[in-house]
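This is the structure I have questions about; it appears just below.
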Amino acid sequence: AAIRAGDDVARLAYADWLEERGDPRAEWVRDRLLFRWMPHGTDDPLPALLEAMPYRHHDADFDLALQRLGPRVAPALWDRLLQATGEHQRQTLARCLSGMPADALRPYKAQLLEWLYSDNAEDQEIALNILCTLGPEIADIVPRLLELLPAPSGTNASLFGSRQLRLLGCIGPAAVEAADALVEYLPFEQNNYTTVCEALRGIGPGVVPALVRAMPTWRSNTLGHVVTLAHSFDLADLEQQGVLDHPDPLVRTPFLLGCLERQPALLDELPALVDTLRQHPELVDPLLESLRPLGAQAAPALPVLRQLLD
């Protein structure tokens, strides 16, 4: 009775007692979130969770409870997904399955790919949600994902392209063939910069040549995204690709700013970039953000900052 009344001490003591006897319920009783789904007289939270599923839309605690049960629940969730007809219930099941490890989802790969290549938008969305877990092993679907991406200049690009973008990032370096297409999204204000940058970051430094090709054609306000991306790329990779000493200062400047914190010696390059920074004042804030963590080491940049303020 004390346990059901919310006495955590009693609940945890009961979990220890079960564990000492090798009872698998111990793990679920110890987890407060899962224990809520174990009505009196039940040994497993899964049946209650499955029963409640039609009424739990966008409930983070509910999704988390299912995911905490681990891979063993994947077959039950998959069976429910195949039988479900309501869009909300299918989306809930897809979200829960997307949190499972790859080994638990691999048996369903063929069906997910069939949905991805179908003309049914709802099936496509389910597949896009779940396939992220499989990462590089589904690199052969990159051309299909590019087909499903809306035009970057379209008003719905951010809304309908986010799942495709996320999946490309999950595939990682094996999705590098998508780099040119993703870079096209950056100049359009209505697009989700964060999702695009996350996808490019997930693919890695292999996207740098696509960025270099596109940068001379961009409006000024897009260059700051390159600084953000440069922060996340390995310095050695950027040096190898020659962007830190690129002959075009418009290309060199954003990459250099993104590397200052990790390579303070690059501060010596700033005086040569004053004209570029003046022509593109939107890069001054990224410059200041890059200098802040350096503290006293940023002193060589003071003359450059004074010139920019004149």
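Remember, it's a predicted structure, so these values are computed and weren't measured experimentally.
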- Flag, side chain of Ser232 to backbone of Leu229, donor-acceptor distance under 3.5 Å: yes

- Message: Using a 6.0 Å cut-off, check whether atom CD of Gln240 has over 12 heavy atoms from anything other than its own residue.
- Response: no

- Under the salt bridge (charged side-chain N to carboxylate O under 4.0 Å, His left out) rule, what do Arg144 and Glu147 come out as? Steps first, then yes or no, please. CA-CA 5 Å; Arg144 175 57 174 167; Glu147 290 176 5; 3.0 Å; yes

- Task: May I ask whether Leu288 and Leu309 are part of the same hydrophobic cluster, defined by side-chain heavy atoms of I, L, V, M, F, W, Y residues being less than 4.5 angstrom apart, directly or through others?
- Result: no

- Message: Are Met38 and Leu34 packed together at the side-chain level, in the sense that at least one heavy-atom pair is separated by less than 4.5 angstrom?
- Response: no

- Query: Any idea which heavy atoms bring Ala65 and Leu33 closest together, and the distance?
  - Reply: N-CD2, 3.8 Å

- Message: side-chain contact (heavy atoms from CB on, under 4.5 Å) for Lys109 and Leu105? Distances and angles first, verdict last.
- Response: CA-CA 7 Å; Lys109 176 180 173 181; Leu105 299 178; over 6 Å; no

- Are Leu82 and Leu97 connected in the hydrophobic side-chain network, where two residues link if heavy atoms are under 4.5 Å apart? yes

- Item | Sole candidate of Asp123, Leu148, Ile141 that passes side-chain contact (heavy atoms from CB on, under 4.5 Å) when paired with Tyr117 | Ile141

- Phe255 and Val212: side-chain contact (heavy atoms from CB on, under 4.5 Å), yes or no, with the steps? CA-CA 10 Å; Phe255 284 106; Val212 171; 4.2 Å; yes

- Item | Note: Glu87-Arg90 ion pair, threshold 4.0 Å (strictly below) | no

- Query: Taking NZ, NE, NH1 and NH2 as the nitrogens, is one of them in Asp23 or Arg25 under 4.0 Å from a carboxylate oxygen of the other?
  - Reply: yes

- Side chains of Arg36 and Pro45: does their closest heavy-atom pair fall under 4.5 Å? no

- Item | Option among Asp268, Val274, Leu267 that satisfies the side-chain contact (heavy atoms from CB on, under 4.5 Å) test with Leu270 | Leu267

- When every non-hydrogen atom of Asp44 is compared with those of Trp28, the smallest separation belongs to CA-CZ3, 3.9 Å

- Message: If we ignore hydrogens and angles and just use 3.5 Å, is the side chain of Thr92 paired with the main-chain N or O of His88 as donor and acceptor?
- Response: yes

- Note on the structure: Between Leu168 and Ile203 the two heavy atoms that sit nearest each other are O-CG1, 3.9 Å

- Side-chain contact, heavy-atom cut-off 4.5 Å: Arg72 with Leu69? yes

- Kindly compute the distance separating OG1 (Thr195) from CD (Gln164), expressed to the nearest 0.5 Å. 11.0 Å

- Message: Are the side chains of Ile138 and Leu112 in contact, using a 4.5 Å heavy-atom criterion?
- Response: no

- Note on the structure: When every non-hydrogen atom of Leu283 is compared with those of Gly224, the smallest separation belongs to CD2-N, 4.2 Å

- Task: Could you give me the CA-CA distance, side-chain angles and deciding distance for Leu305 and Leu291, then say whether side-chain contact (heavy atoms from CB on, under 4.5 Å) is met?
- Result: CA-CA 11 Å; Leu305 296 177; Leu291 293 175; 4.1 Å; yes

- Closest non-hydrogen atom pair, Cys197 against His225: SG-CB, 4.2 Å

- Can you check whether Val208 reaches Asp237 side chain to side chain, under 4.5 Å on heavy atoms? no

- Message: Would the distance check show the side chain of Thr133 and the main-chain N or O of Ser98 forming a donor-acceptor pair, the cut-off being under 3.5 Å?
- Response: yes

- How far does CE of Met215 sit from CG of Asp248, to the nearest 0.5 angstrom? 8.0 Å

- Message: Please determine whether side-chain contact (heavy atoms from CB on, under 4.5 Å) holds for the pair Leu256 and Val243, giving the CA-CA distance in whole Å, both sets of side-chain angles, and the decisive distance to 0.1 Å.
- Response: CA-CA 8 Å; Leu256 188 146; Val243 290; over 6 Å; no

- Query: Are Asp61 and Arg68 close enough for a salt bridge, meaning some N to O gap below 4.0 Å?
  - Reply: no

- Heavy-atom donor-acceptor pair, Arg80 side chain to Leu50 backbone, under 3.5 Å: yes

- Are Arg201 and Thr228 side-chain neighbours, meaning at least one heavy-atom pair lies under 4.5 Å? yes

- Message: Would the distance check show the side chain of His246 and the main-chain N or O of Val251 forming a donor-acceptor pair, the cut-off being under 3.5 Å?
- Response: no

- Message: Tell me whether Glu27 at atom CD has more than 12 heavy atoms from other residues, nucleotides or ligands lying less than 6.0 Å away.
- Response: no

- For the residue pair Gln124 and Asn120, establish whether any side-chain heavy-atom pair is separated by less than 4.5 Å. no

- When every non-hydrogen atom of Leu277 is compared with those of Leu257, the smallest separation belongs to CD2-CD1, 4.3 Å

- Query: Once you round to the nearest 0.5 Å, how far does CZ of Arg95 lie from CD1 of Ile126?
  - Reply: 9.5 Å

- Item | Inter-residue atom distance Glu137.CD - Leu134.CG, 0.5 Å rounding | 4.5 Å

- Message: Looking only at side-chain N and O atoms, does Gln91 offer a donor or acceptor that is under 3.5 Å from a partner on Asn129?
- Response: yes

- Between CH2 on residue Trp218 and CG on residue Leu186, distance to nearest 0.5 Å: 5.0 Å

- Item | CZ-CG distance between Arg163 and Leu131, expressed to the nearest 0.5 angstrom | 13.0 Å

- Item | Path from Phe35 to Trp17 over hydrophobic side-chain contacts below 4.5 Å | yes

- Item | CA sep, side-chain torsions, deciding dist, call: Arg262, Asp234, salt bridge (charged side-chain N to carboxylate O under 4.0 Å, His left out) | CA-CA 10 Å; Arg262 292 170 290 168; Asp234 187 79; 5.9 Å; no

- Using the six-membered ring wherever Trp is involved, compare the ring planes of Tyr108 and Trp78 and label them parallel, tilted or perpendicular (cut-offs 30° and 60°). parallel

- Does the distance from a Lys or Arg side-chain N to an Asp or Glu carboxylate O, for Arg292 and Glu289, drop under 4.0 Å? yes

- Item | CA sep, side-chain torsions, deciding dist, call: Asp245, Arg252, salt bridge (charged side-chain N to carboxylate O under 4.0 Å, His left out) | CA-CA 6 Å; Asp245 54 7; Arg252 184 168 74 251; over 6 Å; no

- Using modelled atom types only, decide if a donor and an acceptor are shared between the side chain of Glu51 and the backbone of Leu46 within a distance under 3.5 Å. no

- Task: Examine distances only and state if a side-chain atom of Arg166 and a backbone atom of Glu198 form a donor-acceptor pair shorter than 3.5 Å.
- Result: no

- Task: Taking the side chain as every heavy atom from C-beta outward, state whether Leu244 and Leu235 have any atom pair closer than 4.5 Å.
- Result: yes

